[in-house]
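First comes the structure, then the notes that go with it.
Just so it is clear, the values below take in all heavy atoms, side chains as well, and ignore hydrogens, waters and symmetry mates.
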There are 2 protein chains.
Amino acid sequence: MKVSALEEYGLRCMLQLARKNGGPMTLPEISKAEGVSLSYAGKLLMILKKAGLVKAVRGRQGGYALVKPAEEYDLKEIFDALGEPLYNPKHCRKFTGDLVKCAHSKDCTVRDIWKEFSKIIDGVLGNMTLADVASGSYDFGNMTSNIQVGIK
Amino acid sequence: MKVSALEEYGLRCMLQLARKNGGPMTLPEISKAEGVSLSYAGKLLMILKKAGLVKAVRGRQGGYALVKPAEEYDLKEIFDALGEPLYNPKHCRKFTGDLVKCAHSKDCTVRDIWKEFSKIIDGVLGNMTLADVASGSYDFGNMTSNIQVGIK
DNA sequence: TAATTACTTTACTAAAAAGTACAGTATTTT
DNA sequence: AAAATACTGTACTTTTTAGTAAAGTAATTA
């Protein structure tokens, strides 16, 4: 299981803006801050812009800025802009080999696992704001201690 | 966030064996059952074999079989054989751009998120057996309802 | 012991994701 | 208005992951 480069760097760019009071920051500034090329920073910010998460101003004094306070972004909306959730309808249509439906479609007990993970992850992401991450002011507490898998 | 093809199909091959009482099943059988090519099935089973999760017998009457009862495999060991966990030391060394250390290394609040997800996921995987998945006899219950992210 | 079945290994091709290059348009400043 | 700064868009290259091909070795059976 993996976090994609788009997800990782995309979130980091949002963090850069959040830590600069929402911006604006120019592409060269963002690029330098994250150590990625100007082109790649451009690609990332364009994705975020098309998703409506940041706004851009051209010309001198321009740059990218958050469209709302960092407190009002939850991590789920940022991730949704940068990639697909762990489980989605496409997932099952992807691993069918050359069969019309996947081998386990009838009693797919695997799907339930991804669905559950997706739910857990979205739950956590949905409850954290960009501001929380920027300041490190969240506390996972002992949430994992409450998790257990039972037998039916 | 994504599940790789190796992880998905690898687990499915293990499920095929589990549902056949641990095997043995030949490569052509597995290949046909999952709708993947013989070559690809071979690759998958070789990975599982090298990880010690299955054993192989050559020649007629041969095939692949589980090395222990399905009840004794936890999903974590299967996943560990097929890919890397969501968070691992390599992860942080990967997204540094052209910087020596990543931009957020000092106060990396992002890393904590992946670490936490990794912990949750490993917790769930570690508590489910291959037999559970094969029979669908697990119950996630309302584990997600217990999860919450607090503010420090 | 030859034929058959089946695993093994290495090398390759194809597709997707990651990352770059470059020419273009908009805005501001001088 | 020209120069400088900065976003925009398309096309490209590189790397990784996914998936295939084919020749080889081992065991069994007739």
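Taking a cutoff of 4.0 Å between a charged side-chain nitrogen and a carboxylate oxygen, B:Lys90 and B:Glu84 qualify as a salt bridge. Of the charged side-chain nitrogens involved, none lies within less than 4.0 Å of a carboxylate oxygen, so that B:Lys32 and B:Glu29 do not count as a salt-bridged pair.
A:Val36 comes within 4.0 angstrom of no nucleic acid atom, judged by non-hydrogen atoms across all strands. Among the atoms of the strands shown, base atoms are found under 4.0 Å from some heavy atom of A:Lys43. Across all strands, A:Lys94 comes closer than 4.0 Å to no nucleic acid atom at all (heavy-atom distances). When heavy atoms are screened at a 4.0 angstrom cut-off, B:Gly42 is found touching no nucleic acid atom at all.
Checking the phosphate oxygens (OP1, OP2) of C:dA16, no side-chain nitrogen or oxygen of B:Lys2 falls inside 4.0 Å. Dashed line: the shortest gap from a side-chain N or O of B:Tyr9 to OP1 or OP2 of D:dT17 is not under 4.0 Å. Not one side-chain nitrogen or oxygen of A:Gln61 sits closer than 4.0 Å to the OP1 or OP2 atom of C:dT27. Checking the phosphate oxygens (OP1, OP2) of C:dC7, no side-chain nitrogen or oxygen of B:Lys55 falls inside 4.0 Å. The phosphate of C:dT20 (OP1 or OP2) has a side-chain N or O of A:Ser37 nearer than 4.0 angstrom. For the OP1/OP2 pair of D:dT17 and a distance below 4.0 Å, the side-chain nitrogens and oxygens of B:Tyr40 include no atom meeting the criterion.
Rounded to an integer number of Å, the gap from A:Leu44 CG to C:dA18 P is 10 Å. Whole-Å rounding puts the A:Lys49 NZ to D:dC7 P distance at 11 Å. Rounded to an integer number of Å, the gap from CD of A:Glu7 to C1' of C:dA17 is 12 Å. With rounding to whole Å, B:Leu27 atom CG is found 14 Å from D:dA21 atom C1'. The distance from atom CE of B:Met46 to atom P of C:dA11 is 16 Å, rounded to the nearest whole Å. Between the CG atom of A:Leu6 and the C1' atom of D:dT16 there is a distance of 15 Å, given to the nearest Å. One can place CD of B:Glu84 at 13 Å from P of D:dT16, the figure rounded to the nearest angstrom. Computed from coordinates, the A:Leu38 CG to D:dT8 C1' distance equals 12 Å when rounded to whole Å.
Residues A:Val67 and A:Lys55 approach most closely at CG1-N, 3.7 Å, considering heavy atoms. The two residues A:Thr129 and A:Glu71 have their closest heavy-atom pair at CG2-O, 3.3 Å. The two atoms that bring A:Asp132 and A:Tyr138 nearest to each other are O-CD2, 3.4 Å, heavy atoms only. Of all non-hydrogen atoms in A:Thr96 and B:Tyr9, the two that sit nearest each other are N-OH, 3.5 Å.
Among D:dT8, C:dT20, D:dA18, the nucleotide with an atom closest to any side-chain atom of B:Ser4 is D:dA18. When the nucleotides C:dT8, D:dA18, D:dT29 are ranked by their closest atom to the side chain of B:Arg60, D:dT29 comes out on top.
Counting distance only, with no hydrogens placed and no angle test, the side-chain atoms of B:Arg58 and the base atoms of C:dT8 include no donor-acceptor pair under 3.5 Å. The base of D:dA21 is paired with the side chain of B:Ser39 by a donor and an acceptor separated by under 3.5 Å.
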